[in-house]
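All values reported here derive from a predicted model rather than from experimental measurement. To find a chain, count down the sequence lines: A is the first, B the second, and so on, and within it residues start at 1.
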There are 2 protein chains.
Amino acid sequence: MDWELDKKRPLCPQICEQLCIMIARDDLKPGDKIMSVREVALLAQVTPNTVQKSYEQLEQQGVIYSRRGAGWFVSENQEIAQDVRKQYIRSKTEEYIRNMQILGLTGDEIETYVKEFINE
Amino acid sequence: MDWELDKKRPLCPQICEQLCIMIARDDLKPGDKIMSVREVALLAQVTPNTVQKSYEQLEQQGVIYSRRGAGWFVSENQEIAQDVRKQYIRSKTEEYIRNMQILGLTGDEIETYVKEFINE
DNA sequence: ACAACTGTATTATTGTAGTGATACAGTAAT
DNA sequence: ATTACTGTATCACTACAATAATACAGTTGT
């Protein structure tokens, strides 16, 4: 994982997305310990406070949880990890197709562009 | 055009994108007069100041230009309108594919998802 | 028990996007 | 010329994200 954030965009959502990607890639499996607030803060060049907030947001979604003093862990619930992956793919794909359709592109045209840009 | 902005995200980029989409759709053609700062402000429920800033950003990119007292217009340069469309498609498509590849999806898998979600 | 790590909380401060109000200046139609 | 529209500029204000510094509390390994 790179942890090179775009400092010109809100950081919390970016940190959340990075974590979700790692879970969706199965780099982080259910129950795994994840990097500490301070550790990520150092790598991502942000304040521990910012990472804390990001983690708390993901906790609210049931994706991760904390044990005071021990650390943060990926939810043991197997379904959630799968959902994170499915949701990520679904939302990104739907958003992409919607954007292209707004321009008036047909389904075939969209498929053509995707094929074209995959070979690069 | 809807002008229903997401108030929880930065507004200027959203206004810029809406304009670019209208140009990419050919709803606005080179030389066309576009809605005034105050008009858009009213429709989008934002401050004229915010729209002004957005327009100035697009002006810097050469997409539109202003005539003091008269209004804002789409650049007469034909190439720019075409570029806006091409750039929009290219950047969105590349971003989408990159996101999917990060998850480990193959080209075929990506194409399959796109086809699947187009039929909905 | 101790040291070194964890999460958590608080406070003050900074930077910035957007608001709201107002004013001035140029254009265009009547 | 007047009126009603444009763009442009400024100022004080609000809201919020993120920083920076610090402190406290719980866990873990030695």
Side-chain angles (χ1 to χ4, degrees), chain A residues 1-20 22-23 28 30-76, chain B residues 1-20 22-23 28 30-76:
Chain A
M1 191 77 325
D2 51 354
W3 293 116
E4 288 184 20
L5 308 182
D6 179 354
K7 295 290 180 102
K8 297 185 178 179
R9 290 209 317 265
L11 301 173
C12 283
Q14 293 186 66
I15 294 172
C16 288
E17 181 159 306
Q18 287 303 316
L19 252 297
C20 283
M22 295 174 76
I23 292 172
L28 289 176
D32 274 1
K33 187 176 190 308
I34 64 186
M35 280 187 288
S36 77
V37 165
R38 291 177 178 81
E39 217 169 341
V40 173
L42 209 64
L43 290 175
Q45 308 263 52
V46 298
T47 286
N49 214 322
T50 305
V51 182
Q52 174 79 14
K53 263 191 202 165
S54 310
Y55 280 12
E56 282 168 359
Q57 271 178 252
L58 285 178
E59 182 180 38
Q60 211 166 345
Q61 301 170 228
V63 178
I64 61 179
Y65 69 95
S66 69
R67 285 193 356 241
R68 190 186 181 95
W72 287 87
F73 305 83
V74 179
S75 164
E76 256 100 10
Chain B
M1 191 80 322
D2 52 353
W3 292 116
E4 288 184 21
L5 307 181
D6 179 355
K7 296 287 181 105
K8 297 184 178 180
R9 291 209 318 265
L11 302 174
C12 284
Q14 292 185 67
I15 294 172
C16 289
E17 182 159 304
Q18 288 302 316
L19 252 296
C20 283
M22 295 173 77
I23 292 172
L28 289 176
D32 275 3
K33 187 175 190 308
I34 63 186
M35 281 186 288
S36 77
V37 166
R38 291 177 177 81
E39 217 170 340
V40 173
L42 210 65
L43 290 176
Q45 308 262 53
V46 298
T47 285
N49 214 323
T50 305
V51 182
Q52 173 78 14
K53 263 191 205 167
S54 309
Y55 279 13
E56 283 169 356
Q57 271 179 251
L58 286 178
E59 182 180 38
Q60 211 166 346
Q61 301 172 228
V63 178
I64 61 180
Y65 69 97
S66 70
R67 284 192 358 239
R68 188 184 182 98
W72 286 87
F73 305 84
V74 180
S75 165
E76 255 100 11

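- Summarising the geometry, the separation between CZ on A:Arg38 and C1' on D:dC24 is reported as 11 Å, rounded to the nearest angstrom.
- Closest to the side chain of B:Arg68, from the set C:dA9, D:dT8, D:dA18, is D:dT8.
- In this structure, A:Arg9 atom CZ and C:dA17 atom P are separated by 15 Å, rounded to whole Å.
- The side chain of B:Thr50 contributes no N or O atom lying less than 4.0 Å from OP1 or OP2 of C:dA17.
- In this entry the distance linking OH of B:Tyr65 with P of C:dT27 reads 13 Å, nearest Å.
- OP1 and OP2 of D:dT6 both lie 4.0 Å or more from every side-chain N or O belonging to B:Ser66.
- Considering only side-chain N and O atoms, B:Ser36 lies under 4.0 angstrom from the phosphate OP1 or OP2 of D:dT6.
- One atom, CG of A:Asn49, and another, C1' of C:dT13, lie 13 Å apart when rounded to the nearest Å.
- Between A:Gln52 atom CD and D:dG26 atom C1' there is a gap of 14 Å when expressed in whole angstrom units.
- Between the CG atom of B:Leu42 and the P atom of D:dT6 there is a distance of 11 Å, rounded to whole Å.
- Regarding contacts with the backbone of D:dT6, every side-chain N or O of B:Trp72 stays at 4.0 angstrom or more from both OP1 and OP2.
- No N or O donor and acceptor, one from the side chain of A:Arg67 and one from the base of C:dG7, sit under 3.5 Å apart.
- Per the geometry, CD belonging to A:Glu39 stands 17 Å off P belonging to C:dA4, to the nearest Å.
- Closest-nucleotide positions on DNA chain D for A:Lys53 and B:Gly69 were compared, and the one nearer the 5' end corresponds to B:Gly69.
- Taking only side-chain atoms of B:Ala70, from C-beta outward, the nucleotide of C:dT27, D:dG7, C:dT8 with the closest atom is C:dT27.
- Among C:dA17, D:dG7, C:dT8, the nucleotide with an atom closest to any side-chain atom of B:Pro10 is C:dA17.
- No side-chain heavy atom of A:Ile34 sits under 4.5 Å from any side-chain heavy atom of A:Phe73.
- Taking atom NZ of residue B:Lys8 and atom C1' of nucleotide D:dA17, one finds them 15 Å apart after rounding to whole Å.
- Remark: of the listed residues B:Leu58, B:Leu11, B:Val63, B:Leu58 is the sole one forming a side-chain contact (heavy atoms from CB on, under 4.5 Å) with B:Cys16.
- Using a distance-only test at 3.5 Å, with no hydrogens or angles considered, a donor-acceptor pair links the side chain of B:Gln14 to the main chain of B:Pro10.
- Here the side chains of A:Tyr55 and A:Gln60 are not in contact, with every heavy-atom distance at 4.5 Å or above.
- Between B:Gln18 and B:Asp2 the shortest side-chain heavy-atom distance falls below 4.5 Å.
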